[in-house]
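Only one structure is covered here, and it is reproduced in the block below.
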Amino acid sequence: MNTKRLCLAVLLAGAAFAAHAGDKPALEGCVELGAQQEIVRNGGSQAFLLRDGDSHYRVALQGSCDSLAIASSISIIGEGAEGRLCPSGSQIKTNRGKCEVGKVELLDADEFATLKRRARR
């Protein structure tokens, strides 16, 4: 794949994530994450999808998180505890750095599946 197509694919995937921003209910309190997590990255550095059991989220970061796209490991830390996701004040820790969570939106399973398919393209 040439560079122009790759850039276009990344931009389109980012647009798919952004298109759903702002119209979803936001997470109101902290949640304890279980062992059955799935993180879907779209190649961008501003948001990712998270499935935790039967719960689905879109996690938007404050600004850009360059380490997100290339990280081999990701941990979610809220209120100082690993495996806790809070609507603000949480951190995403990668093997390459830390990033701050800006907003967490709630998704249903169908929305998550659709966004996941778009991110994989």
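Just so you know, these numbers use all the heavy atoms, side chains as well, and skip hydrogens, waters and symmetry mates.
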Q.
Show, in sequence, the C-alpha distance, side-chain angles and deciding distance for Arg51 and Gln37, and conclude whether the side chain to side chain contact (heavy atoms under 4.5 Å, CB included) test is met.
A. CA-CA 5 Å; Arg51 180 187 57 77; Gln37 295 177 22; over 6 Å; no
Q: With the side chain counted from C-beta on, respond yes when Val104 and Leu50 share a heavy-atom pair under 4.5 Å apart, and no when they do not.
A: no
Q | Minimal non-hydrogen separation, Ala71 against Thr94, with atom names | A | CB-CB, 3.4 Å
**Q.** Straight-line distance of Ile92 CD1 to Ile76 CD1, nearest 0.5 Å
**A.** 4.5 Å
Q: Please check if the side chain of Asn95 supplies one atom and the backbone of Ser72 the other of a donor-acceptor pair under 3.5 Å.
A: yes
Q: Quick one: closest heavy-atom pair of Glu82 and Ser75, and the distance?
A: OE2-OG, 3.3 Å
Q | Side-chain donor or acceptor of Arg58 paired with backbone N/O of Leu115 under 3.5 Å | A | no
Q.
To check you understand the geometry: which heavy-atom pair defines the closest contact between Leu61 and Cys99, and what is its length?
A. CD1-CB, 4.5 Å
Q. Closest approach of Val40 and Ala119, non-hydrogen atoms and distance?
A. CG1-CB, 3.9 Å
Q.
For the NZ atom of Lys93 and the OG atom of Ser73, what is their distance to the nearest 0.5 Å?
A. 8.5 Å
Q | Straight-line distance of Leu33 CG to Asp52 CG, nearest 0.5 Å | A | 4.5 Å
Q | Value rounded to 0.5 Å, distance of CZ in Arg84 from CD in Gln91 | A | 14.5 Å
Q: Identify the two heavy atoms, one from Ser45 and one from Ser64, that lie closest to each other, and give their separation to 0.1 Å.
A: OG-OG, 2.8 Å
Q) Between Leu106 and Ala26, which heavy-atom pair has the shortest distance, and what is it? A) CD1-O, 4.2 Å
(Q) Within the structure provided, determine whether Leu107 and Tyr57 are in side-chain contact (heavy-atom separation under 4.5 Å). (A) no
Q. Do the side chains of Arg117 and Thr114 get nearer than 4.5 Å, heavy atoms only?
A. yes
Q | Joint cluster assignment, Val31 & Ile77, ILVMFWY side-chain distance < 4.5 Å | A | no
